[in-house]
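Here the structure comes first, spelled out in structure tokens, and everything after it is commentary.
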Amino acid sequence: MRGHVRGRLIAALLATLSALAFALSFPLSEQFVAGWPLVFVWPALLGAAARIAPRKRELVVVTAVPFLVVFLAHEWWMRHITELGMPLLAMYLAGWTVVLALLMRRLGGTAARPRWPFAVVLPIAVVCVEHLRGDLVCSGYAWFFAAHPLVEWTEVAQIASIGGGWLLSALAAFVSGAVLDAIVGRGKLRIASPIIALTALAAAFVFGAQRIAAIDNSNTAHPPALNILSVQTDLPMSNKLSWTPEEQVEDFLVFARLTIEGAAKAREAGATIDLALWPETTLPGLGLERDSIKTLVDGHYYPGDRYLEALRDLSTRIDAPMLVGSPAYIDLRVEGNRFKWKHQFNSAYLVGPDGARGRTDKIYLTPFGEMMPIISNWDWLETQLLDLGAEGMTFDLDAAAAPSNFTLQRKVTQSGAVSGAASGTASGTEGVGLGVPICFEITMPWASRRIAFPDGKRAAGVLLNLSNDGWFGPSRAGRRQHLQVAQLRAIELDTPVVRSANTGISASIDAVGRIEAILPSQQAGTLLVHPVPSTSVPTSVFLGDSVAFLALLGACVGLLPVGKQKAARPQL
């Protein structure tokens with residue numbers, strides 16, 4: 001009995017330390033990202049807790065409690081949006097951590113009956129649970145992955161270009177498991193496991209250093225092809241949920257003035273703007289569809305065509321097309337005294353002096369923000385829950401079947417300068433393809449991969465991430481975490497990413513995940529950036545989610561019934 005109590009206390013201590021290390025491995029503010037090395041620590045602590053806990057139900061308790069506290073702290077910003085949804089999401093995430101601990105115990109065994117080495121157990125368990133939680137179950141919540149903080153170690157993070165973020169998460173867990181093997185393993189395992197892990201880590205570092213040098217050399221040989229003006233607005237979410245026509249006009253004028261001032265600064269610096277970006281859902285009104293605007297104009301309904309005409313004028317004044325985030329209403333009509341429509345999308349429009357040139361729609365809706373997993377299948381139940389816990393929000397968006405890309409035509413002068421003119425088509429041998437992951441789409445590996453590489457072929461040399469990070473409220477940590485995910489996508493897809501985010505963080509990220517330019521959050525401003533479009537196709541595009549599926553397969557094998565084993569001497 002005394003040993004049972006001791007095991008329970010040690011397991012609780014280890015699980016609590018694991019939760020603390022997990023929490024600190026992610027950004028705690030816009031500047032504090034120094035806790036990222038703890039991503040090599042928390043899986044080992046959780047694996048040790050799973051190993052020593054006397055019973056499964058006790059493992060559930062000692063894991064659930066500290067991780068629930070951690071997720072409540074990290075998701076605290078959500079209370080401004082939904083007081084009911086915030087604790088439910090924290091409980092959901094903590095529940096997945098319990099699943100992770102139980103899977104570690106099943107694969108690795110206990111102190112009395114050990115099974116697989118932890119250098120094998122931890123990468124399988126971590127990647128398996130991340131893939132289930134982040135993609136396969138309930139449409140996915142791809143946040144808090146082990147790979148995300150590791151973008152701060154730029155050299156090692158480059159292996160994401162081989163096997164995606166899944167491979168980077170697996171490496172972190174592999175190293176962590178090897179450390180645990182060195183402590184609790186027996187015989188040659190205590191020596192072999194850490195040696196192999198250190199070799200793998202060194203190999204990843206060397207590969208990354210060589211990849212960075214090769215890309216830098218390639219970029220040096222070519223002038224920057226694009227000059228993009230990223231506009232960062234600072235519009236509180238309280239405005240967006242109850243945006244009056246008067247506020248819409250005033251805010252639009254602020255956005256336009258920012259754009260004009262940014263373009264003027266660029267001209268003073270001798271730069272020609274190829275494209276200006278506005279964040280997600282920044283454009284007021286009901287979209288720029290020709291039929292929708294005709295309905296508004298013919299019926300003398302607000303806003304008519306005023307925002308389309310204003311954008312055309314603005315594009316003329318800055319001498320560049322604009323990519324703006326906007327809702328899109330398809331088959332808009334008036335029935336009685338209400339607007340009706342066939343489809344509504346979260347979209348981005350490309351607008352020039354000649355009007356709207358093209359539109360791309362979101363293919364993945366943000367869970368808990370634009371749709372409710374499972375519950376959204378029942379409109380009545382969804383409405384009741386929104387009225388109860390998120391008054392003012394609506395989940396009435398559609399997901400597009402496929403993304404659309406744009407092309408920026410390049411004209412190189414004799415001096416080597418580059419200028420461009422955007423079009424709404426997705427083809428052209430002399431053009432640069434532009435992909436537009438909107439907001440949370442940048443967090444989903446499959447969605448970003450499909451935008452940049454439909455059918456496995458590169459369609460976008462640059463990704464333009466339009467986002468509304470005003471949802472984070474006062475949380476600058478959440479904004480920095482979103483930026484880290486965008487950095488990982490840049491590495492994974494070997495594609496520079498330019499972010500234009502309401503309330504920030506707007507930034508330019510190169511193809512190896514380095515932040516080249518950045519605007520501080522929660523302030524309005526503009527950023528002139530010069531991304532070098534990529535032309536290569538990284539291995540991660542061909543492998544896709546293969547690493548994750550291998551982890552799922554390994555977990556399934558480990559879950560098969562096992563025969564009786566001879567009990568070993570209990571040890572940590």
Could you label the plane-to-plane angle of the Phe144 and Phe22 rings as parallel, tilted or perpendicular, counting under 30° as parallel and over 60° as perpendicular? tilted
Is any side-chain heavy atom of Tyr141 closer than 4.5 Å to one of Leu93? yes
Rounded to the nearest 0.5 Å, what's the gap from OG on Ser540 to CD1 on Ile491? Could you check? 10.5 Å
If we ignore angles and hydrogens, is there a donor and acceptor under 3.5 Å between the side chains of Asp234 and Gln522? no
Side chains of Arg458 and Thr495: do they bring a donor and an acceptor to under 3.5 Å? yes
What's the shortest heavy-atom distance between Ile442 and Ala486, and which atoms? CG1-CA, 3.9 Å
Quick one: pull up CG in Leu45 and CG in Leu180 and give me the separation to the nearest 0.5 Å. 8.5 Å
Sidechain-backbone polar pair: Asp545 side chain, Ala548 backbone, donor-acceptor under 3.5 Å: no
Contact between Val126 and Met104 at the side-chain level, heavy atoms closer than 4.5 Å - yes or no? yes
For Arg190, which residues count as a salt bridge (Lys or Arg N to Asp or Glu O under 4.0 Å) partner, sequence neighbours excluded? none
Return yes if some donor-acceptor pair links the side-chain N/O of Arg479 with the main-chain N/O of Ser475 below 3.5 Å, else return no. yes
Looking at side-chain heavy atoms only, is the closest gap between Ser161 and Thr539 below 4.5 Å? no
Any donor and acceptor pair, going by atom type alone, linking the side chain of Arg499 with main-chain N or O of Leu466 inside 3.5 Å? no
Please indicate whether Trp76 has more than 12 foreign heavy atoms, meaning atoms of other residues, nucleotides or ligands, lying under 6.0 Å from its CH2. no
Locate the shortest heavy-atom distance separating Val497 from Ala490; write the atom from each residue and the value. CG2-CB, 3.8 Å
Near Leu559 CG, under 6.0 Å, is it more than 12 heavy atoms from other residues, nucleotides or ligands? yes
Show the nearest heavy-atom pair for residues Pro496 and Pro531, with the distance to one decimal. CB-CB, 4.2 Å
Residues Val529 and Ser508: closest non-hydrogen pair is CG1-CB, 3.4 Å
So, Arg480 side chain and Phe26 main chain: donor-acceptor pair closer than 3.5 Å or not? no
Ser536-Asp494 side chain donor-acceptor pair, cut-off 3.5 Å: yes
Has the side chain of Ser18 got a donor or acceptor atom that lies under 3.5 Å from a matching backbone atom of Leu14? no
Side chain to side chain contact (heavy atoms under 4.5 Å, CB included), that's the test. Do Glu492 and Val541 meet it? Break it down for me. CA-CA 8 Å; Glu492 190 175 271; Val541 171; over 6 Å; no
Would you say the side chain of Glu152 lies within less than 4.5 Å of the side chain of Gln487, judging by non-hydrogen atoms? yes
Heavy atoms of Ile52 and Ile10 approach each other most closely as CD1-CG2, 3.8 Å
Do any N or O atoms from the side chain of Ser506 and from the backbone of Ala501 form a donor-acceptor pair under 3.5 angstrom? yes
Chi angles and distances behind the salt bridge (charged side-chain N to carboxylate O under 4.0 Å, His left out) call for Asp216, Arg514: CA-CA 11 Å; Asp216 285 345; Arg514 294 173 301 199; 2.5 Å; yes
Side chains of Gln210 and Gln158, donor plus acceptor under 3.5 Å: no
To the closest 0.5 Å, what do you measure between CG (Leu189) and CH2 (Trp116)? 14.5 Å
Are the ring centres of Trp143 and His482 closer than 6.0 Å? yes
Steps toward side chain to side chain contact (heavy atoms under 4.5 Å, CB included) verdict (Leu463, Leu493): CA-CA 10 Å; Leu463 291 178; Leu493 301 176; 3.9 Å; yes
Tell me, please, which residues at least two apart from Glu441 pass side-chain hydrogen bond (donor to acceptor under 3.5 Å, both in side chains). none
Just verifying a value: how many Å separate Arg489 CZ and Thr443 OG1, rounded to the nearest 0.5 Å? 7.0 Å
Test item: side-chain donor near acceptor, Ser467 and Asp469, under 3.5 Å: yes
Expected output: side-chain Glu30 to main-chain Ser521 donor-acceptor under 3.5 Å: yes
Side chain to side chain, Leu20 and Thr16, heavy atoms closer than 4.5 Å: no
May I ask you to decide if Ala101's main-chain N or O and Arg106's side chain share a donor-acceptor pair within less than 3.5 Å? no
For residues Leu103 and Val129, determine if any side-chain heavy atom of one lies less than 4.5 Å from a side-chain heavy atom of the other. yes
Going by heavy atoms in the side chains, are His74 and Leu28 under 4.5 Å from each other? yes
Apply side chain to side chain contact (heavy atoms under 4.5 Å, CB included) to the pair Ile505 and Ile518, showing each step before the final yes or no. CA-CA 7 Å; Ile505 302 171; Ile518 191 170; 3.4 Å; yes
One pair to check against side chain to side chain contact (heavy atoms under 4.5 Å, CB included): Ile363 and Arg450. What are the steps and the verdict? CA-CA 10 Å; Ile363 61 173; Arg450 190 176 174 193; 4.1 Å; yes
Scan side-chain atoms only and decide if Glu130 and Ser169 contain a donor-acceptor pair under the 3.5 Å cut-off. yes
Would you give the length of the straight line joining atom CZ of Arg476 to atom CG of Leu483, rounded to the nearest 0.5 angstrom? 14.0 Å
Gap separating the CG atom of Asn465 from the SG atom of Cys439, nearest 0.5 angstrom: 7.5 Å
Heavy-atom closest pair (Pro66 atom, Ala19 atom, distance to 0.1 Å) is CB-CB, 3.7 Å
Ring pair (Phe, Tyr, Trp, His ring centres under 6.0 Å) partners of residues 154-199, not counting sequence neighbours, each pair once: His131-Trp166, Phe145-Trp166
Side-chain heavy-atom pair Phe67, Thr63 within 4.5 angstrom cut-off: yes
For the backbone of Asn468 and the side chain of Glu280, can you confirm whether one donor and one acceptor N or O come within less than 3.5 Å of each other? yes
Flag, side chain of Ser546 to backbone of Leu543, donor-acceptor distance under 3.5 Å: yes
Ring-ring centroid check Tyr92 Phe71, cutoff 6.0 Å: no
